[in-house]
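A quick write-up on the structure given underneath.
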Amino acid sequence: MNQPKWVLDQIVGKAEEAYSFMKKTTVKERMLFMQSVADSIEGLGQELIDTAHEETALPHARLIGEKGRTVGQWRAYADAVGQGRYAEACIDTKNTEKGKNDIRKCNIGIGPVLVFGASNFPFAFSTAGGDTASAIGAGCPVIVKAHPGHPRTSQLMADAITKVVDVFGWPQGVFSHFVGEYIEGSDERTGSYLTAHPGVKAVGFTGSFRAGKALFDIAKQRSEPIPVFAEMGSINPVFAFTNALEQRAEALAVEYVSSLTLGVGQFCTNPGVFIAVRGDGMDRFKIALTKAIEPLAPATMLNKGIYEHYQKNKTLLHQQAGVNVLAEAIDEGVEGQGRPKVLLVSAQVILGNTVLSEEVFGPFGIVVEAENYGEVYDFARQLKGQLTATLAATEDDLNAHPDIVDCLKDKAGRLLFNGMPTGVEVVNAMQHGGPFPASTDIRFTSVGPDAIKRFVRPISFQNWPEQLLPDELKDSNPLHILRIVDGQNTPQPL
Ligand code: NAP
């Protein structure tokens, strides 16, 4: 379905009007709104799960879990907003003797935010996902471009939010949602057009590097450039060290394979590469990995496009020089199903061929055998930015290789000491983002309440009349939020 340009212009116009309203909402009002959205989504029943299952092939249990996560996300972000955490209110009182003015600063929403739904999380990273919750929490109207892979699911989620907008009597433009790839009668994508639209002030995106980078470039070329927070995935390398491999090669193989094939490998934190130094531990790991991969049943991928990308990209990597197949599911599956596969290469081969370090979205991995830790370090050094890096290690292993550990701190947003990177917890301390190309802004996370920070901007009021200040900055602190007053954290009124 395509969209006429005037419809998109109208959506942006309404969002701009709603921004004037949103700017005047307090953190407590937005908290209540977000809590109601959580309740509204929670109230969606079997129809939501069945529709999402039909559109994405994701299993019911996974979808029920993702719905719970999405509801929890709205509640957690609402709490953080209500506490005034992202208002970051700060007051320096007047001091005539020292010649200092009364200056008060807080954050306000950046303006209308364009959100792209992601294919692989129809709830948690889509219409009612983390980007939408973050932007509303920040005080921004949201325009959602639904992912074409699950339009009916998106509509159900959009209706749940619109219902709350109506109950609260907020302007319609606070939340808009549309489906449509291209502008009617043109080959311009709706997402590109809106990213370039002067009324849009920020973009939230999760998906491919190709699309994320295209949107980032459009935003930077505008006469008024805007931020694009694109999370574009990565290969999430696992570095296994000698002691860890010797102690638990078999368990590590099972853990690695279940993470690699979880959700048919369709997670941005999928651990696409496993590297270790050649030896007895690595030999045992390879045998156990093969045993774990071979009996796996291929499963249906999210959509035809993603299946075709998977087939094409895994073939491309397989065809590179010096590449062998380590393991593949025996069952070939049928058209549309992702068949798990793991390649084997030497460190020298992957170091000499950048194609082998590209993400293959699906149940696919590469095991890299290094001759020594010098090669492991070289591999760490040539990595592009990653969402995660995992160290399968003992503490002694880490102490023995500080150069590799230090190098990985520069490469990834989240470092794991054992465990596997899939399963991104929605908590305050989560960092889901990383150096480019994992994301387009290294400073922010797209998961956890701190995701709200992406959509606020600070504003200072100097010697401003008390009654015209936002509630967040009034002397009496009517919202009872924590503020920095003359350098001290305090909830007390002035
Ligand atoms: P995608 O191609 O990145 O599409 C995501 C959104 O961006 C869609 O709404 C799409 O809308 C829009 N879009 C695509 N290309 C664009 C362009 N050149 N300019 C402007 N907007 C554009 O993601 P996908 O459809 O979910 O999957 C395709 C591939 O992306 C996968 O095979 C996988 O490799 C990768 N992927 C990665 C992650 C991750 O988390 N790392 C997640 C999902 C997908 P329209 O097509 O309607 O314009």
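Counting starts at 1 for both ligands and their atoms, following the listed order.
Residue nearest to atom 15 (N) of ligand 1, selected from Ala211, Ala118, Gly362: Ala211 (by heavy-atom distance). When Pro148, Ser119, Gly212 are ranked by how near their heavy atoms come to atom 43 (C) of ligand 1, first place goes to Ser119. Closest to atom 3 (O) of ligand 1 by heavy atom, among Gly180, Gly149, Gly117, Ser208, is Ser208. Of the candidates Met232, Glu181, Lys145, the one placing a heavy atom closest to atom 10 (C) of ligand 1 is Lys145. Taking all heavy atoms of Phe125, Tyr307, Phe361 into account, the minimum distance to atom 31 (C) of ligand 1 is reached by Phe361.
Here's the thing with Ser234: none of its N/O atoms is less than 3.5 angstrom from an N/O atom of ligand 1.
In terms of protein heavy-atom proximity, atom 32 (O) of ligand 1 is closest to His309 ND1, 3.2 Å. The protein heavy atom nearest to atom 24 (P) of ligand 1 is His147 NE2, 3.4 Å. Nearest protein neighbour of atom 40 (O) of ligand 1, counting heavy atoms only, is Cys268 CB, 2.8 Å. Counting protein heavy atoms only, atom 21 (N) of ligand 1 is closest to Arg189 CD, 3.7 Å.
Using a non-hydrogen distance threshold of 4.0 Å, Glu359 registers as a contact of ligand 1. Residue contact check for ligand 1: Phe205 places a non-hydrogen atom closer than 4.0 Å to it.
Counting atoms of ligand 1 from 1 in the listed order, those under 4.0 Å from a heavy atom of Gly207 are 3 (O), 36 (N), 37 (C), 38 (C), 39 (C), 41 (N), 42 (C), 43 (C). Applying the 4.0 Å criterion to heavy atoms of Gly233 picks out, from ligand 1, the atoms 41 (N). Proximity to Ser192 (heavy-atom distance under 4.0 Å) selects the following atoms of ligand 1: 19 (N), 20 (C). Within ligand 1, the atoms closer than 4.0 Å to a non-hydrogen atom of Leu215 are 20 (C), 21 (N), numbered from 1 in the order shown.
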Exercise for review: Could you go through the salt bridge (charged side-chain N to carboxylate O under 4.0 Å, His left out) check for Lys453 and Asp450 one step at a time?
Suggested key: CA-CA 6 Å; Lys453 285 184 188 172; Asp450 276 358; 3.8 Å; yes

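A centroid separation of less than 6.0 Å is found between the aromatic rings of Phe229 and Phe455. The aromatic ring centres of Phe361 and Phe267 sit 6.0 Å or more apart.
With Pro122 as the fixed residue, the side chain to side chain contact (heavy atoms under 4.5 Å, CB included) test singles out one of Glu66, His53, Lys67: Glu66. Just one residue in the list Thr422, Asn270, Thr388, Thr269 forms a side-chain hydrogen bond (donor to acceptor under 3.5 Å, both in side chains) with Asn236, and that residue is Thr388.
Ring geometry for His147 versus His150: interplanar angle under 30°, hence parallel rather than tilted (30 to 60°). The aromatic rings of Phe209 and Phe436 sit perpendicular to each other, their planes meeting at more than 60°, with 30° as the lower class boundary.
Between Glu335 and Lys304 no salt bridge is recorded (no basic side-chain N to carboxylate O distance below 4.0 Å).
Note: Glu231 CD to Thr445 OG1 = 9.0 Å, rounded to the nearest 0.5 Å. Atom NZ of Lys286 is separated from atom CE of Met282 by 6.5 Å, given to the nearest 0.5 angstrom.
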